[in-house]
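Below: one structure, written as structure tokens.
Residue numbering restarts at 1 for every chain, and letters A, B, ... go by the order of the sequence lines. Note that the structure is predicted; figures quoted are calculated from it, not measured.
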Amino acid sequence: MTQGRKYKLQPRLIKGFRDIFAETYLARQWMIEQVRSVYEKYGFVPLETPALEYVDNLGKHIQETDSAEEGIFAFRDDDEELIALRYDLTAPLSRVFAQYTELTRPFRRYQLGTVWRDEKPGLGRFREFYQFDIDIVGSNKMSAEAEICSVICECMEKLNIKRGEYLVRVSNRKIVNAMMESCGIDHSDEKGNPTFKCLTTLRAIDKLDRLGMSGVVDLLGKGRKDETGDFTKGAELTSAQIDCIQKYLAVSSENRQKACDELFEIVKDTEVGQEGIDELRQIDNILQVLKIDEERVVFDPTIVRGLNYYTGPVFETVLTTCKNEKGEEVGFGSVFSGGRYDGLIERFTGQKVPATGASIGLDRLLEALKVSGRIKQRKATAQVFVTTMDKNLTAEYHKLAHSLREAGLNTELFMGKGKLNKQLKYADRWDIPVALLLGSNELAEGTVSIKDLYHGREIATEIADREVWRKEQPAQMTVSRENLVVEIKNILEKYGLN
RNA sequence: GCAGCUGUAGCUUAGCUGGUUAAAGCGCCGGAUUGUGGUUCCGGAGAUCGUAGGUUCGAGUCCUACCAGCUGUACCA
């Protein structure tokens with residue numbers, strides 16, 4: 001006691017990591033079920049891989065910096081091998097595909113898993129979070145990207161995000177590269193690595209929706225000061241080059257065919273450009289067959305994405321109307337994104353294997369659904385709560401609870417201490433909809449008293465007099481044992497909890 | 001990483017130009033109510049004022065450093 005607080009162990013949580021309580025867990029579980037049903041509807045099969053991988057297996061495709069460990073949680077094992085927590089599910093997939101050469105192609109798999117990134121957390125951004133991916137390995141057909149767009153749309157709608165509230169934006173890295181070429185920006189040096197100018201330009205374009213055109217122009221030129229006065233160095237392009245890029249960014253995305261036509265004018269002189277346009281046109285053709293119009297999927301040349309390994313079409317999905325309870329617009333960034341990465345498997349096998357896929361950020365999307373009040377969250381799994389007001393009836397309470405469970409009702413039997421008012425308060429706080437009361441009175445009559453706690457909660461605000469409330473018990477009824485299950489189910493049905 | 005701002009009970013905050021026992025609301029626990037949730041009332045627990053130095057007779061208040069958080073920005077395979 002004399003030492004005081006200094007010697008008490010403080011419970012602490014690592015920054016960007018979370019404890020997941022029932023409300024969040026159950027909501028996420030629901031999301032997973034919805035998404036999985038869509039993935040399986042399209043015939044994707046599950047795969048699970050370890051949380052840890054060898055760093056070289058994860059990070060070979062990082063060419064920008066020598067320090068492959070940036071942003072990842074890594075350590076050495078007993079054999080001095082560098083090991084890391086995976087930061088996405090795509091790298092493990094390419095490892096699996098390269099390792100199990102007997103896999104029949106194309107390989108269409110889905111994978112749910114936790115990934116870790118050692119970076120700054122923010123709203124809907126954590127250092128440990130779930131991704132739920134689909135990928136098609138071994139197909140170079142644009143059918144693959146078209147189906148993935150279709151899957152994305154179906155997932156969003158299964159998650160109660162209606163048409164018009166989300167938008168899939170598609171671009172093509174080939175077109176971006178062609179644009180840079182046409183604008184006179186070298187996109188790679190002699191060794192094939194992207195140049196500083198190229199990377200800075202891509203990053204600037206990527207920020208269009210956040211910084212606006214003027215911010216992007218600053219970043220393409222000398223640089224930009226943020227509101228705290230901090231300065232970011234720009235790409236130092238010539239004004240002719242900046243004009244050229246602006247023309248590209250101004251391409252309208254309202255109509256896919258029109259966008260293709262406009263883009264074609266800009267990149268028609270290059271072979272990659274023509275290829276890229278052709279790919280978009282193929283995607284558009286299939287989307288039209290699937291009756292997916294511009295309300296759901298647009299071609300948007302401002303989408304750049306993951307600056308490194310994408311080689312073809314890329315897509316990202318945004319929530320178009322995400323407002324919090326104050327009605328303020330909240331930007332959540334991309335919630336479902338991906339693209340084609342034809343070079344990823346090659347680093348293992350030396351053989352080019354085309355692949356494309358997309359990943360849904362479940363936690364970020366859940367956060368968005370929460371903020372915009374689009375998800376009803378519950379923290380109880382119990383549907384019925386059995387109070388224990390009489391010690392002598394313990395056996396009776398167990399019997400009652402057991403019979404309810406056998407009848408298919410999730411039932412919790414109170415095993416804390418406290419009088420009836422404490423017990424009801426407990427049930428109310430844990431969000432259990434129905435409570436049962438069984439005392440000597442009920443036992444003698446062969447009845448049980450049922451309280452509709454949700455209804456009681458609703459009408460409680462209107463009642464001022466405690467005595468009246470207690471006498472009338474408006475949210476309570478006493479029923480015979482035979483009718484008990486039916487009556488409980490009636491109440492649950494009212495709340496859609498059966 | 002860089003920049004700006006902020007650190008007072010579990011949470012939200014008050015605390016005057018430094019002045020002695022650091023205040024309140026919410027939440028939590030108990031009681032009024034031994035068989036009834038809400039409201040109300042009563043009582044209780046809970047803070048070495050982010051940490052360490054310094055200035056001063058005296059520091060939650062002023063100075064310095066560090067730490068943490070928030071916001072912006074950069075990076076984000």
Side-chain angles (χ1 to χ4, degrees), chain A residues 2-8 10-12 15 55 58-65 67-72 84 86-91 94 115-123 125 127 199-200 203-204 206-207 210-211 215 219 223-234 305-310 333-334 339 341 344 347 359 385 387-391 393 417-432 435-442 449-476 478:
Chain A
T2 52
Q3 303 299 347
R5 189 168 181 153
K6 210 180 213 171
Y7 291 90
K8 275 193 208 158
Q10 294 299 311
R12 298 186 296 158
K15 180 173 64 173
V55 165
L58 283 180
K60 259 286 163 56
H61 53 283
I62 305 166
Q63 281 143 8
E64 274 173 71
T65 49
S67 54
E69 298 169 46
E70 223 165 285
I72 70 173
R86 64 185 174 205
Y87 55 78
D88 70 12
L89 300 176
T90 311
S94 55
V115 302
W116 294 264
R117 293 186 188 178
D118 187 7
E119 53 190 40
K120 186 182 165 183
L123 180 63
R125 263 186 102 113
R127 296 210 291 173
L199 286 174
T200 313
R203 286 170 191 157
D206 200 37
K207 295 185 178 79
R210 196 151 46 83
L211 303 179
L219 282 175
R224 171 178 179 274
K225 250 187 204 160
D226 72 25
E227 54 228 50
T228 63
D230 201 30
F231 184 76
T232 309
K233 194 177 183 306
R305 287 212 57 77
L307 309 174
N308 254 321
Y309 65 68
Y310 290 119
S334 165
Y341 47 97
L344 257 196
R347 70 208 163 97
S359 176
F385 180 75
T387 60
T388 59
M389 66 175 104
D390 187 341
K391 260 187 240 130
L393 297 180
K417 60 169 192 209
K419 316 221 159 87
L420 190 57
N421 61 346
K422 290 275 182 291
Q423 300 191 19
L424 290 169
K425 204 169 184 176
Y426 171 93
D428 190 38
R429 285 192 188 175
W430 280 108
D431 203 26
I432 302 171
L436 300 186
L437 280 61
L438 174 60
S440 48
N441 301 344
E442 285 87 352
S449 292
I450 308 179
K451 285 184 89 68
D452 179 341
L453 293 179
Y454 282 9
H455 184 232
R457 192 190 281 169
E458 281 165 25
I459 61 177
T461 48
E462 295 157 18
I463 288 172
D465 189 330
R466 180 182 169 77
E467 289 312 311
V468 174
W469 165 259
R470 281 175 84 165
K471 226 172 268 164
E472 292 184 357
Q473 283 308 329
Q476 181 173 331
T478 301

When you measure from the side-chain N and O atoms of A/R210 to the phosphate of B/A74, is any distance below 4.0 Å, counting only OP1 and OP2?
yes
A/W430 has an atom CH2; how far is it from atom C1' of B/G37, in whole Å?
17 Å
Side-chain N or O of A/W469 versus OP1/OP2 of B/G37: is the shortest distance under 4.0 Å?
yes
Return no unless some side-chain N or O of A/R203 is found under 4.0 Å from OP1 or OP2 of B/C75.
yes
Touch check for A/A475, heavy atoms < 4.0 angstrom, all strands: base, sugar-phosphate only, or nothing?
base
Check if the side chain of A/Q423 and the base of B/U36 share a donor-acceptor pair of N or O atoms closer than 3.5 Å.
no
Between B/G35 and A/E442, counting only base atoms on the nucleotide and side-chain atoms on the residue, is there a donor-acceptor pair under 3.5 Å?
yes
Please evaluate the base of B/G38 for a donor-acceptor partner in the side chain of A/D428 within a cut-off of under 3.5 Å?
no
In whole angstrom, give the distance that lies between atom NZ of A/K233 and atom P of B/C75.
13 Å
Using OP1 and OP2 only, check whether a side-chain N or O of A/K422 sits under 4.0 Å from B/U34.
no
Is any side-chain nitrogen or oxygen of A/K225 closer than 4.0 Å to OP1 or OP2 of B/A74?
no
Donor-acceptor pair between A/E442 and A/S449 side chains, under 3.5 angstrom
yes
Less than 4.0 angstrom from a charged side-chain N to a carboxylate O is my criterion; do A/R127 and A/D118 meet it?
yes
What is the separation between atom CZ on A/R224 and atom P on B/A74, rounded to the nearest whole Å?
6 Å
Between B/U34 (C1') and A/K391 (NZ): distance, integer Å
11 Å
Go through the N and O atoms of the side chain of A/R125 and the base of B/C76, and report whether any donor-acceptor pair is under 3.5 Å.
yes
